[in-house]
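Report on one structure; see the data block that follows.
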Amino acid sequence: MIKISSHDGPARYGTYHEKTTPILLNYKEIEKVENIATPFKIQKEIAEEYMQETLEIAKEEKNKEKIGVIQGSQYSDLRVECAKKLEEYGYTTLMFANPDELQRNPQDLLEIIIKTRENISPTTALYFPFATTQIIPILSYIGIDIFDNSRAIYEAKNKNLMTGTNIYPSDYNITENLEKENINQLKFTINEVRENMKNKTLRNLTEQKATTHPELMSLHRLLDKYYMEYLLKYTQLY
């Protein structure tokens, strides 16, 4: 559960387990509820069946402090239904399944995250795993509270260097050093987002990041075109 101190647009500056949001978690320490892994591109009937199985497992889980997993594949209505049910069962932190596919499908990403955020309690924390450094600012801007270090570790194992704007093949020869550098880049990004939230300038940061990457620019344009009312709801007027 998140305690919100202020908004910067839909972004939520607050505390989660006494840590300032957005926060970066060690994915190896995450306790999530068992769930039925579901492909992103799949028939809706099958996605719904797997979602219901995931909900049944979550309902029987005794420890509601664990993180519930929002299944539903590419279908935003199933994602919303799953998230609302998980809340009913007592879960206050929810994680999106299929994060890699969502990052490759910007329209689906925006629709699923924003519709979920709009239909659940403001105090429910949303967790987006496996995020790249460059997409974290805009994910925070639309309402994500929690990220993890899994992408940094994955890219290091593939000898790739993460920066604030892209992922590059690296000449590092020692994987441990590369992993440390990638995690440092993630930490810097999270701190940068927090500072901009405090100063009410996160929108400026997302626009700056968008100019460095064509996919981020497309994401930003889709966000402004289809979700301006959502963005303006919490935007301060000067």
Side-chain angles (χ1 to χ4, degrees), residues 1-25 83 92-96 99 102-103 106-107 109-149 151-152 162-166 183-238:
M1 179 180 292
I2 182 173
K3 296 180 181 178
I4 303 169
S5 301
S6 63
H7 283 90
D8 184 8
R12 301 129 56 75
Y13 184 79
T15 55
Y16 176 85
H17 292 182
E18 299 183 352
K19 296 181 180 178
T20 303
T21 60
I23 66 170
L24 183 68
L25 299 180
T92 58
T93 304
L94 306 180
M95 178 179 79
F96 286 101
L102 284 170
Q103 289 176 89
Q107 287 182 301
L109 180 144
L110 291 175
E111 182 177 352
I112 286 169
I113 291 178
I114 291 173
K115 286 191 175 180
T116 300
R117 183 77 274 169
E118 288 182 311
N119 283 278
I120 60 175
S121 169
T123 60
T124 296
L126 286 179
Y127 167 25
F128 194 98
F130 205 65
T132 62
T133 46
Q134 59 265 32
I135 203 173
I136 284 176
I138 199 165
L139 289 179
S140 299
Y141 183 46
I142 62 175
I144 298 297
D145 308 297
I146 303 169
F147 301 94
D148 67 26
N149 60 3
R151 187 62 177 261
M162 295 174 65
T163 72
T165 57
N166 217 325
I183 291 174
N184 284 339
Q185 290 284 341
L186 272 178
K187 289 178 178 178
F188 177 83
T189 299
I190 294 291
N191 288 332
E192 186 178 35
V193 168
R194 283 195 203 120
E195 286 303 307
N196 277 272
M197 280 186 183
K198 284 167 61 178
N199 297 327
K200 309 297 184 185
T201 54
L202 183 56
R203 169 73 190 207
N204 295 346
L205 180 64
T206 63
E207 289 178 350
Q208 291 170 13
K209 298 292 185 183
T211 63
T212 67
H213 203 287
E215 291 180 1
L216 289 181
M217 181 62 76
S218 297
L219 188 60
H220 221 291
R221 287 175 175 169
L222 289 167
L223 181 61
D224 286 349
K225 183 176 181 180
Y226 295 110
Y227 299 100
M228 186 55 68
E229 184 177 345
Y230 174 74
L231 297 179
L232 292 176
K233 185 176 181 181
Y234 294 105
T235 299
Q236 182 175 344
L237 298 177
Y238 294 93

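At a threshold of 4.5 Å between non-hydrogen side-chain atoms, the residues D224 and L231 count as touching. Looking at L102 and I113, their side chains never come closer than 4.5 Å, going by heavy atoms from C-beta outward. Side chains of L223 and I114 form a contact here, defined as non-hydrogen atoms less than 4.5 Å apart. A 4.5 Å side-chain heavy-atom check between Y141 and V193 finds every atom pair outside the cut-off. Between I23 and H17 there is no side-chain heavy-atom pair separated by less than 4.5 Å. Residues R203 and D8 fail the side-chain proximity criterion, which asks for heavy atoms closer than 4.5 Å. Looking at heavy atoms from C-beta onward, Y16 lies in side-chain contact with T93 at the 4.5 angstrom threshold. With contacts defined as side-chain heavy-atom distances shorter than 4.5 Å, the pair S6/K200 qualifies.
Looking at every heavy atom in both residues, L186 comes nearest to A131 through CD2-O, 4.3 Å. Among all heavy-atom pairs drawn from A83 and L94, the shortest one is O-CD1, 3.7 Å. Closest approach of H220 to T206, counting heavy atoms only: NE2-OG1, 2.9 Å. I144 and P22 make their closest contact through O-CB, 4.5 Å (heavy atoms, listed as atom of the first residue, atom of the second, distance). The shortest non-hydrogen separation linking G164 to Q185 is N-OE1, 3.7 Å. The shortest non-hydrogen separation linking F128 to L109 is CZ-CD1, 4.1 Å.
A side-chain donor-acceptor contact under 3.5 Å links S218 to the backbone of P214. Judged by distance alone, with hydrogens and angles left aside, the side-chain atoms of Q103 form a donor-acceptor pair with the main-chain N or O of P99 at under 3.5 Å. A donor-acceptor pair under 3.5 Å is formed between the side chain of T21 and the backbone N or O of G14. Here the side chain of T133 pairs a donor or acceptor atom with the backbone of T163 at under 3.5 angstrom. Proximity of a side-chain donor or acceptor of R12 to a complementary backbone N or O of P122 within less than 3.5 Å is detected.
Atom CG of residue L222 and atom CD of residue E111 lie 11.5 Å apart, to the nearest 0.5 angstrom.
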Practice task
Run the numbers on K19 and D145 for salt bridge (Lys or Arg N to Asp or Glu O under 4.0 Å), then give the verdict.
Solution key: CA-CA 11 Å; K19 296 181 180 178; D145 308 297; over 6 Å; no
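Ion pairing between E118 and K115 fails under the 4.0 Å rule for side-chain N and carboxylate O. Using a 4.0 Å cut-off between charged side-chain N and carboxylate O, K233 and E229 make no salt bridge.
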